[in-house]
Asks: 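Please see the structure below; I have some questions.
Order of the sequence lines fixes the chain letters, A, B, ..., with proteins taken first and strands second; residue numbering starts at 1 for each chain. This structure is a prediction, so every number in the text was calculated from the model and none was measured.
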There are 2 protein chains.
Amino acid sequence: MAAPAGKSIREGSAQKRSAILLAARALFLSDGFDRTSMDLVAAEAGVSKRTVYDYYGDKRTLLAAVVDHTVEALSTAVQRAIDENLVVVPDAAQLEHALVSFAESITVSAIGSSDYAALMRLLYTEATNLPETRSMAWNAEEPEDAVATRFAAFDRDGLLHAPDPRLAADHFVALTISPLTSSLGVVGAEVDEHRVIVEGVRAFLRAYRPF
Amino acid sequence: MAAPAGKSIREGSAQKRSAILLAARALFLSDGFDRTSMDLVAAEAGVSKRTVYDYYGDKRTLLAAVVDHTVEALSTAVQRAIDENLVVVPDAAQLEHALVSFAESITVSAIGSSDYAALMRLLYTEATNLPETRSMAWNAEEPEDAVATRFAAFDRDGLLHAPDPRLAADHFVALTISPLTSSLGVVGAEVDEHRVIVEGVRAFLRAYRPF
DNA sequence: GCTACACTACACCGTGCAGTGTAGTTACGA
DNA sequence: TCGTAACTACACTGCACGGTGTAGTGTAGC
């Protein structure tokens with residue numbers, strides 16, 4: 001499509017790899033692993049089924065690749081949301097607003113259409129289909145640790161009373177993000193995302209405000 | 001086995017129905033819907049496959065029955081936990097202990113071996129396999145409403161400051177029960193359930209304690 | 001033009017599984 | 001003792017799907 005301007009070596013290869021991964025991701029997350037056929041993945045990726053098998057050896061390996069990719073995307077999205085919303089902390093008065101922006105940034109951009117929840121389901125349900133190392137290695141630890149690190153800084157600055165930053169991060173996620181990711185995906189849920197986040201942040205601040 | 005002492009009419013029938021339901025429940029929750037074969041359900045229930053199909057028409061109907069049964073069991077267990085731990089509220093000093101007992105009662109007895117989490121996964125993942133009415137009708141609303149009703153009473157008694165009892169109930173569940181149900185099921189998770197609940201209750205009380 | 005390579009199209013195999021049909025066995029009530 | 005209903009054992013169908021093998025096509029470098 002676009003003029004390569006560089007070496008065209010292996011470019012088509014990378015494109016196809018990505019197309020397959022994206023198609024598999026969308027299908028696995030929406031329909032589930034078992035109900036997604038490799039024929040459909042190939043068709044959705046605009047690629048022959050044989051190519052799918054040439055790139056990724058079998059279905060389980062493809063799943064592992066999808067999981068890795070999604071976890072990584074989530075992790076970087078969370079980190080960016082932290083950088084954009086929580087690094088410059090003006091004063092206690094604006095902490096609530098900053099936290100709301102942070103939570104909303106994650107729920108809308110990173111998680112998008114409740115990908116996070118779908119991924120969780122996928123991981124727990126399909127845990128037996130993944131090489132053991134992978135299913136325990138990640139466990140969403142990284143994003144929460146990043147939040148915890150930030151909260152530790154808030155504690156030092158007197159904006160938060162969080163002697164156990166990791167626990168505070170867990171509670172923050174539980175109050176703001178988890179309710180959204182778990183309720184979505186069900187028909188007719190129709191929750192007010194903004195209200196959930198605002199009320200979650202307020203409850204969090206009542207519990208973790210210093211003094 | 002035991003002497004009937006009454007009419008033996010239809011007893012075998014009810015026994016078999018139950019055996020099938022239990023076997024299906026265990027298998028669906030542990031292995032997932034798609035990966036559970038009807039032959040295995042029949043074998044596990046000690047019943048011929050034909051009988052399974054005579055009792056429940058097809059696999060989806062069996063799933064619906066399992067969901068109904070589990071939701072109902074959960075609902076009654078929550079109600080009983082409320083009755084046993086939260087009806088007699090001595091004073092504010094013992095509220096923390098009462099709430100901890102309540103949360104632990106749910107996580108250990110009702111939810112048992114993280115059945116709740118597995119059910120959730122099952123519901124979200126297999127939502128397309130259920131008649132639409134069922135997947136929206138329940139949505140764990142009933143148990144949370146029961147908790148909300150109790151919290152409203154606490155608010156009237158001055159034990160809690162919960163102007164929106166339902167929101168408080170959501171936050172309570174998010175802080176104490178949800179973390180456990182979602183982290184379990186993964187290998188090597190090994191969380192300290194008691195600590196999670198105690199810390200969750202404390203954070204909740206910091207956020208909802210009056211004055 | 002030739003070779004090498006990436007890819008497609010397509011046929012194909014084996015298997016597991018939902019669901020059915022049925023003959024035979026057991027138990028029980030009249 | 002007979003009839004009936006519940007249940008089992010088992011064979012069987014149809015199908016979807018994971019995975020493979022291969023012949024053929026387009027493309028790029030030499």
Asks: Send over the distance from A/Asp39 CG to D/dT20 P, rounded to a whole Å.
Replies: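 From A/Asp39 CG to D/dT20 P: 14 Å.
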Asks: Heavy-atom distance under 4.5 Å between the side chains of A/Asp83 and A/Gln79, does that happen here?
Replies: yes
Asks: In whole angstroms, how far is the P atom of D/dG18 from the CG atom of B/Asp34?
Replies: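 Nearest whole value for this atom pair: 11 Å.
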Asks: Can you measure B/Arg60 atom CZ to C/dC17 atom C1' for me and round it to whole angstrom units?
Replies: 17 Å
Asks: Would you classify B/Asp54 as touching base, sugar-phosphate or nothing, given that sugar-phosphate means primed atoms plus P, OP1 and OP2, and contacts are heavy atoms under 4.0 Å?
Replies: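 No contact at all - B/Asp54 keeps every heavy atom at 4.0 Å or more from the nucleic acid.
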Asks: May I have the distance from B/Phe33 (atom CZ) to C/dC17 (atom C1'), rounded to whole angstrom?
Replies: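 Those two atoms, CZ and C1', are 12 Å apart.
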Asks: I'd like to know if A/Asp164 and B/Arg195 make a salt bridge, using a cut-off of under 4.0 Å between side-chain N and carboxylate O.
Replies: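 B/Arg195 and A/Asp164: salt-bridged.
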Asks: Can you tell me which nucleotide in C/dT8, D/dG18, D/dT8 comes closest to the side chain of A/Lys16?
Replies: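 Closest nucleotide to the A/Lys16 side chain: C/dT8.
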Asks: Is there a side-chain contact between A/Tyr55 and the phosphate of C/dC7, meaning an N or O under 4.0 Å from OP1 or OP2?
Replies: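 The answer is yes; a side-chain N or O of A/Tyr55 sits under 4.0 Å from OP1 or OP2.
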Asks: Give a yes/no verdict on a cation-pi contact between A/Arg50 and A/Tyr55, requiring under 6.0 Å between NZ or CZ and the six-membered ring centre and an angle within 45° of the axis.
Replies: no
Asks: Set out, in order, the CA-CA distance, both residues' side-chain angles and the distance that settles side chain to side chain contact (heavy atoms under 4.5 Å, CB included) for A/Phe154 and A/Leu95, then state yes or no.
Replies: CA-CA 10 Å; A/Phe154 287 166; A/Leu95 184 55; 4.0 Å; yes
Asks: Assess A/Arg17 against A/Tyr56: is NZ or CZ under 6.0 Å from the centre of the six-membered ring, and within 45 degrees of the ring's axis?
Replies: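 So A/Arg17 does make the cation-pi contact.
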Asks: Looking only at side-chain atoms of B/Asp58, point me to the closest of D/dG19, D/dA9, C/dG19.
Replies: C/dG19
Asks: Kindly point out which of C/dT20, D/dG18, C/dC17 is positioned nearest to the side chain of A/Met38?
Replies: D/dG18
Asks: Mapping B/Arg50 and B/Lys59 onto DNA chain C by nearest heavy atom, which one lands closer to the 5' end?
Replies: B/Lys59
Asks: Between B/Ile20 (CD1) and D/dA6 (P), how many Å, whole number?
Replies: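 In whole Å, D/dA6 P and B/Ile20 CD1 are 14 Å from each other.
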Asks: Using the ring of B/Phe33 (Phe, Tyr or Trp, six-membered ring only), decide whether B/Lys59 places NZ or CZ under 6.0 Å from its centre and within 45 degrees of its axis.
Replies: yes
Asks: Can you measure B/Leu62 atom CG to C/dG19 atom P for me and round it to whole angstrom units?
Replies: 10 Å
Asks: Anything under 30° is parallel, anything over 60° is perpendicular, the rest tilted; go ahead and classify B/Tyr208 against B/His171.
Replies: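 Answer is tilted, since the angle falls between 30° and 60°.
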Asks: Per the end-axis method with five pairs at each terminus, what is the bend angle of the helix from C/dG1-D/dC30 to C/dA30-D/dT1, to 10°?
Replies: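 About 10°, once rounded to a multiple of 10°.
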Asks: Given that B/Gly46 and B/Lys49 both sit by DNA chain D, which one's nearest nucleotide is further toward the 5' end?
Replies: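 Of the two residues, B/Gly46 wins.
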Asks: Once you round it to whole Å, what is the distance between P of D/dT8 and OH of B/Tyr53?
Replies: 15 Å
Asks: Could you state the atom-to-atom distance from CZ of A/Arg35 to P of D/dG18 in whole Å?
Replies: 13 Å
Asks: Nearest to the A/Ser37 side chain among D/dC17, C/dT20, C/dC7, which nucleotide is it?
Replies: D/dC17
